[in-house]
Amino acid sequence: MKQAVSMAMAAGLVLTSAMAQGEVKKDSWGKSADGQPLFLYTLHDAQLTVKLTNFGAHVVSIDAPDKNGNVADVVLGFKDVAGYENPKNTSYMGAIVGRYGNRIANGRFSLDGKSYEIPTNNNGNALHGGKVGFDQKVWQGKELPNGVEFTLVSPDGDMGFPGKLTAHVKYTLVGSSLHIDYTATTDKDTVVNLTNHSYFNLAGEGSGTVLDEQMMIAADATTPVNATLIPTGKLAPVAGTPFDFNKPHTIGERIHAADQQLKTAGGYDHNFVLSAKTNTLHLVAKAVDPKSGRTLTVTSTEPGVQFYSGNFLDGTLTGISGKAYVKNGGFCLETQHFPDSPNQPSFPSTELKPGETMHSSTVFTFSVTK
Ligand code: GLA
């Protein structure tokens, strides 16, 4: 077994060193259940190797070095499309979620006086676009210098949403940063909220929980939730609570604190209201694995981030290298507009009108802390 692993690693190294910096490799990756051709795209630079697929525009793996140069895959993923299509996989691992990332209460909202209904898939609410979200769609991939642009056309009425929406998600590797740039246009008034749902484990995927990893989130408030994780509409200051990550804390330090919001969600699964009130790139979060030194810094143009501590992982999903993904085995930093915004007039608007273009960018930068 050990030998097999080291042989596989050696093969990986050969592949990586054979790739020129900035080169994009496209390999066939079988077919989706409905017979569409799938591809695995490999991006490579001096530090990182990133694999992406046109199935759900997923990030499949990110190989990053630690403080001693040892490389590990720092995101949770599956070895083939069957893992992503498995109906028992409700993790959205690495996916682009849409048309509306996060929850819409009761799957209902109204726009311009008309009501819309999205098929519910999570405690009576619509989560991540409803029953068949963008994560389950085959996107069109186009190779770019250092990157891939994925395009999806979601027809008018798709999952109940109004308007034909054309979404582009561009991944580019620049130095040690993975940039994700989103744009969307529509032909009727609609709502849109796109994000990437990668689970990070800076010690390496499948290496246990992230409870000892440190987290900093640049946010002074959260949007507290009801029993089905729908925001109440209020903003709750983080000061003096287990939600204050302005100074770094390990994820596990306060996760079991006697706090109603933590109990409701079974850990962290909350939208943090970012302190920077700009729609240019601003600091979202910084996570450090103290043992390996691997460090992730997140910047975004979005006003919020869903910090999710992998509470629903339960060891039943087997990951890319054959290891079980245990509870708290990864954390997500889903940069976004706030959950249920279509029903919350005080939240920043997620409406998109014909003639407008929705732009959003998020950057994941990897470094080491010695
Ligand atoms: C989001 C939600 C979580 C959970 C995960 C997927 O992060 O907020 O509650 O549903 O997706 O398991």
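Indexing begins at 1, ligand by ligand and atom by atom, following the structure's order.
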Undergrad: Any idea which atoms of ligand 1 are less than 4.0 Å away from a heavy-atom of S91?
TA: 6 (C), 12 (O)

Undergrad: I'd like a table of donor-acceptor pairs (distance under 3.5 Å, sequence neighbours excluded) in which one partner is a side-chain atom from residues 110-121, with atom names and distances.
TA:
from	atom 1	to	atom 2	distance (Å)
N121	OD1	L127	N	2.7
N121	ND2	L127	O	3.0
N121	ND2	G130	O	3.0

Undergrad: Are S275 and D220 close enough that a side-chain donor and a side-chain acceptor fall under 3.5 Å?
TA: yes

Undergrad: Any nitrogen or oxygen of D269, main chain or side chain, under 3.5 Å from a nitrogen or oxygen of ligand 1?
TA: yes

Undergrad: Polar contacts were defined as any N/O atom of the residue lying under 3.5 Å from an N/O atom of the ligand; does this apply to E334 and ligand 1?
TA: yes

Undergrad: Going by the order shown, which atoms of ligand 1 are within less than 4.0 Å of some heavy atom of Y199?
TA: 6 (C), 12 (O)

Undergrad: At the 4.0 Å heavy-atom cut-off, does C332 count as touching ligand 1?
TA: no

Undergrad: Numbering the atoms of ligand 1 from 1, which are under 4.0 Å from a heavy atom of H128?
TA: 1 (C), 11 (O)

Undergrad: Donor-acceptor pairs are to be reported for all side-chain atoms of residues 361-370 against protein atoms at under 3.5 Å, with residues two or more places apart or in another chain.
TA:
from	atom 1	to	atom 2	distance (Å)
S361	OG	D181	OD1	2.5
T362	OG1	S300	OG	3.0
T362	OG1	T335	OG1	2.8
T365	OG1	S177	OG	2.7
T369	OG1	T295	OG1	2.5

Undergrad: Please work out whether any backbone atom (N, CA, C, O) or any side-chain heavy atom from C-beta onward of N311 is under 4.0 Å from ligand 1, and answer side chain, backbone, both or neither.
TA: neither

Undergrad: Just by distance, no angles: are the side chains of H359 and T183 close enough, under 3.5 Å, to form a donor-acceptor pair?
TA: no

Undergrad: Just to be sure I read this right, does ligand 1 sit under 4.0 Å from the backbone of Y268, its side chain, both, or neither, counting only heavy atoms?
TA: neither

Undergrad: Are Y268 and F245 an aromatic pair, judged by ring center distance below 6.0 Å?
TA: yes

Undergrad: Which atoms of ligand 1 sit under 4.0 Å from any heavy atom of R103?
TA: 2 (C), 3 (C), 8 (O), 9 (O), 10 (O)

Undergrad: Under 3.5 Å, is there a donor-acceptor pair linking the side chains of Q306 and D269?
TA: yes

Undergrad: When you compare ligand 1 with Y92, is there at least one nitrogen or oxygen pair between them that comes in under 3.5 angstrom?
TA: no

